[in-house]
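Each remark here refers to the structure printed beneath this line.
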Amino acid sequence: MSANRANCEHRLASLAISIDNGLMQYLDSQAPTLQGINMQIPAGQWTCILGRSGCGKTSLLRHLAGLLDQKVVWSGSLRMDPAHAELKDQVAYMAQQDLLMPWLSVLDNVLLSTRFGESAKSGFFVKNVRKIHAQKEQALALLEKVGLVDNASHLPQQLSGGMRQRVALARTLMQNKPVVLMDEPFSALDAVTRYRLQNLACALLRDKTVVLITHDPQEAIRLAHQIYLLRGDPSTAELLTSLVSSTPREFDAAGAQLQQRIMARLEYDDDE
Amino acid sequence: MTNKMRCKSLFKVAVTLCVILGLWQVVVMVFALPSFILPAPLEVFEKLVQRRDVLLKHTLVTGAEILLGLLLGLCMGLFFALQMLLFKPLKRWLLPILIASQAIPVFAIAPVLMIWLGYGIASKIVMAAIIIFFPVTTCCYDGLRNTPSGYLDLVKTMGASKWQRLRHIQFPASLPTLASGIRVAVVIAPIGAVAGEWVGSSEGLGYLMLQANARMMIDEMFAALFILSVFSLALYFITDKLLKKIIPWGVL
């Protein structure tokens with residue numbers, strides 16, 4: 001089991017990202033949204049970006065996912081280690097909404113990424129039956145991991161919010177990319193469901209480079225290895241702290257203090 | 001439970017129908033209306049049985065016109081909607097045509113269509129197609145255009161090309177909206193077909209009604225009208241059932 005896993009990790013080389021002096025401005029806007037962004041996103045760790053609504057944290061994430069190519073001007077360097085041509089080919093994206101296609105079954109939703117890009121390439125007319133079978137097996141295994149293998153044939157609307165986000169998590173894992181970008185994926189869930197999903201995501205995304213955007217300091221403290229604050233106008237990123245203990249963390253006194261500190265910082269933003 | 005409810009609603013429909021027919025019969029009897037003004041429902045029913053061969057023949061013609069018109073209108077609507085979606089500049093050219101096709105009353109172009117396409121079934125098919133063209137096109141276009149942007153963003157990060165996005169995301173996502181367009185189309189397509197038959201034809205329920213009217217055979221006219229209503233209703237409910245089966249995730 002552990003040998004198998006090490007093998008898997010080896011194949012899926014993790015990826016570090018560093019951003020130097022990043023500046024981002026929407027084409028239809030007068031002022032830049034983000035300025036002087038310096039961030040080190042280490043490989044195989046969780047980096048949380050905290051900020052209030054409208055601070056540009058989603059814009060930053062969408063830029064990393066390659067979704068703003070026609071809408072923003074970006075200057076500054078964005079390096080990957082090991083180097084790749086395009087960051088957007090290395091990322092899987094998980095949004096606040098589960099974005100499950102209502103016309104596809106749970107299993108087909110997990111398999112969605114296999115219809116596009118590299119993994120969809122097969123014979124022009126003849127589909128590679130063995131490959132499709134292997135992909136299906138893999139998707140079922142992932143559904144097993146998120147505890148929804150019995151719901152594989154259901155339609156998404158038959159599931160609860162938490163179950164749907166678990167399917168989305170399985171779909172993200174199916175993409176098998178070294179970097180996972182998460183945009184407040186747990187924020188629409190109730191407290192207990194959110195807690196469980198954080199634990200599950202933490203366990204399943206352990207080897208990945210995760211960039212998690214959130215406005216909830218508690219979530220950042222539970223999951224992050226480093227926490228960046230995004231604030232100001234235009235927003236700049238500030239490394240708040242690096243946490244070394246293993247995740248997911250329990251709620252404790254140190255966490256509460258850190259949370260208080262974060263709140264104070266974010267609140268201070270208001271007076272500027 | 002659902003079966004029981006279905007029985008109940010069916011029962012309600014039957015009662016409503018009986019009451020209307022009863023009132024109709026009573027009105028005819030009380031006011032002693034001659035059958036060339038308002039025939040009693042029993043007379044209409046009698047005619048329905050008596051002339052079933054003729055009625056069936058004309059029903060088949062009108063039915064074929066409606067169904068083929070629907071098919072043609074749907075294909076045209078889908079085609080136009082796709083063109084407008086894929087080639088943005090084309091939209092500015094196509095939209096006026098689309099609106100003009102609705103601004104000109106279909107009755108007004110019917111005589112021209114008769115001259116161009118003859119008195120046969122073709123002109124009626126085109127009439128039905130023209131009348132449903134607008135709702136189908138706009139619904140399909142709106143459905144395609146209003147795909148939740150989150151879906152598109154997600155598959156973009158999965159590396160989907162423009163065609164893959166259209167085929168795997170935009171098209172299925174537009175189906176519920178398209179379905180409401182089809183529901184409207186199914187209801188109004190018979191209008192186009194029958195209007196075409198009124199303007200000029202040698203067969204079909206519209207032709208039969210016109211002939212019956214001219215010869216004061218109002219009971220036969222009512223019989224034809226009855227068949228036409230039943231056909232339209234059946235078409236609507238079958239389509240609705242089918243759409244619900246094919247698109248189980250739709251909100252409607």
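Reminder, nothing fancy here: chain letters follow the sequence lines and each chain counts from 1.
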Worksheet item: Counting only heavy atoms not in B:Phe231, do more than 12 sit closer than 6.0 Å to its CZ atom?
Response: yes
Item to complete: Would you mind reporting whether A:Gln175 and B:Met158 have side-chain heavy atoms less than 4.5 Å apart?
Response: yes
Worksheet, complete the sentence: If one checks every heavy atom of A:Leu104 against chain B at 4.5 Å, the contacting part turns out to be neither
Practice prompt. Determine the option with the most heavy-atom pairs under 4.5 angstrom with chain A, choosing from B:Arg165, B:His168, B:Lys156.
Written response: B:His168
Worksheet item: Side chain, backbone, both or neither: which part of A:Leu112 has an atom under 4.5 Å from a heavy atom of chain B?
Response: both
Fill in: Engaged part of B:Pro148 at the chain A interface, taking heavy atoms whose separation is under 4.5 Å
neither
Practice prompt. Measure across B:Tyr151 and A:Leu99 and return the closest heavy-atom pair with its distance rounded to 0.1 Å.
Written response: CD2-CD2, 3.8 Å
Worksheet item: In this structure, are over 12 heavy atoms from other groups packed under 6.0 Å from B:Phe226 atom CZ?
Response: no
Worksheet entry | Heavy-atom contact with chain B under 4.5 Å, split by part of A:Ala65 | both
Worksheet entry | Minimum-distance pair of heavy atoms, taken over all atoms of A:Pro102 and B:Trp249 | O-CB, 3.5 Å
Worksheet entry | Minimum heavy-atom distance A:Trp103-B:Pro172, with the two atoms named | CE2-CB, 3.2 Å
Worksheet item: Can you find a pair of side-chain heavy atoms, one from B:Leu154 and one from A:Gln97, that are under 4.5 Å apart?
Response: no
Item to complete: Pick one of side chain, backbone, both or neither for B:Ile169, based on which atoms fall under 4.5 Å of a heavy atom in chain A.
Response: both
Discussion item. Given heavy-atom pairs under 4.5 angstrom as the criterion, report whether the side chain, backbone, both or neither of A:Gln157 touches chain B.
Written reply: side chain
Discussion item. What's the separation between atom CZ in A:Arg62 and atom OG1 in B:Thr157, rounded to the nearest 0.5 Å?
Written reply: 10.0 Å
Practice prompt. Answer yes or no: are there more than 12 heavy-atom neighbours, outside A:Glu144 itself, under 6.0 Å from its atom CD?
Written response: no
Worksheet item: In terms of heavy-atom proximity below 4.5 Å to chain B, should A:Leu155 be classed as side chain, backbone, both, or neither?
Response: side chain
